[in-house]
Amino acid sequence: MSNVIDRVKEHFESQGVKKINVAEWGEEGQPLVIYCSPFTLGEKRNLFKGAKSDDLGVLVDAIMLKARDKDGNKIFKLDDKQILLNKADPDVIANLATEMLNTTSLEEAEKK
């Protein structure tokens, strides 16, 4: 029988990568596909540290931190932050960040 901490790590590692379709940012009738590995508690702590309860910039920070292409490359660079904050649809930002921060895996969501 494995010890508890091994099962904890195994569970986290089994969550896999989420695949999120963003129709609004796609091209040629196809959605932009964003890949996102699960947030660790440490990443969430750093993300929310110092953020006020009404600071929606944390949504952009989450997207910039975790959004990847199919090859695992970051989609956004630091220079993109101001554009995402000021020139992107806030509803798309909120939906994408919420989906990324949600701990339900793609497989679990499909079962529901």
Side-chain angles (χ1 to χ4, degrees):
M1 175 181 246
S2 63
N3 71 30
V4 173
I5 201 67
D6 289 337
R7 294 192 310 265
V8 169
K9 290 187 329 189
E10 184 179 308
H11 171 258
F12 182 76
E13 292 166 358
S14 73
Q15 291 181 7
V17 173
K18 281 187 185 184
K19 182 177 162 183
I20 303 167
N21 293 319
V22 184
E24 298 87 348
W25 294 350
E27 59 185 354
E28 299 177 11
Q30 297 297 313
L32 172 66
V33 179
I34 294 179
Y35 297 83
C36 172
S37 61
F39 277 87
T40 66
L41 193 56
E43 288 172 328
K44 283 187 176 185
R45 180 187 62 202
N46 289 337
L47 190 62
F48 292 110
K49 186 182 357 182
K52 298 178 181 114
S53 61
D54 62 347
D55 183 7
L56 297 179
V58 74
L59 301 176
V60 169
D61 292 337
I63 292 168
M64 292 185 60
L65 178 65
K66 291 299 226 175
R68 301 281 194 271
D69 64 16
K70 65 180 168 77
D71 298 319
N73 301 308
K74 281 189 162 199
I75 293 177
F76 301 107
K77 48 192 187 308
L78 191 56
D79 294 350
D80 298 326
K81 184 172 184 173
Q82 290 304 313
I83 293 169
L84 292 171
L85 282 169
N86 298 302
K87 300 203 180 271
D89 184 332
D91 292 332
V92 175
I93 294 288
N95 290 338
L96 175 56
T98 299
E99 183 70 26
M100 293 173 91
L101 288 162
N102 184 351
T103 55
T104 304
S105 71
L106 180 62
E107 292 79 20
E108 289 173 355
E110 290 174 345
K111 290 178 187 175
K112 292 181 180 181

Checklist entry - Residues two or more places apart in sequence or in another chain: which of them pass side-chain hydrogen bond (donor to acceptor under 3.5 Å, both in side chains) with E13? => result none
Show me the side-chain donor-acceptor pairs of residues 57-69 shorter than 3.5 Å, one per line, residues at least two apart or across chains.
from, atom 1, to, atom 2, distance (Å)
D61, OD1, K81, NZ, 2.8
K66, NZ, S37, OG, 3.0
K66, NZ, P38, O, 3.2
K66, NZ, E43, OE1, 3.0
K66, NZ, E43, OE2, 3.3
R68, NE, G72, O, 3.3
R68, NH1, L65, O, 3.1
D69, OD1, D71, N, 2.9
D69, OD1, G72, N, 3.0
D69, OD1, N73, N, 2.8
D69, OD2, N73, ND2, 3.4

Item to check | CD1-SG distance between I75 and C36, expressed to the nearest 0.5 angstrom | outcome: 10.0 Å
Checklist entry - Could you give the distance from CZ (F39) to CD (Q15), rounded to the nearest 0.5 Å? => result 12.5 Å
Checklist entry - Is it the case that one hydrophobic cluster holds both L78 and L84, taking links as side-chain heavy atoms less than 4.5 Å apart, direct or via other members? => result yes
Checklist outcome for this item: The side-chain contact (heavy atoms from CB on, under 4.5 Å) partner of M100 among N102, L96, T98 is L96
Checklist entry - How would you list, by chain and number, every residue that makes a side-chain contact (heavy atoms from CB on, under 4.5 Å) with D89, sequence neighbours excluded? => result D91, V92
Checklist entry - To the nearest 0.5 Å, how far apart are CD1 in I83 and CZ in F76? => result 10.0 Å
Item to check | Partner residues of D6 under the side-chain contact (heavy atoms from CB on, under 4.5 Å) criterion, sequence neighbours left out | outcome: S2, N3, K9
Item to check | Partners passing salt bridge (charged side-chain N to carboxylate O under 4.0 Å, His left out) against K77 (at least two apart in sequence or in another chain) | outcome: D80
Item to check | Counterpart residues, side-chain hydrogen bond (donor to acceptor under 3.5 Å, both in side chains), relative to D79 (two or more places apart) | outcome: none
Enumerate donor-acceptor pairs with a distance under 3.5 Å from any side-chain N or O in residues 24-35 to protein atoms, sequence neighbours excluded.
none

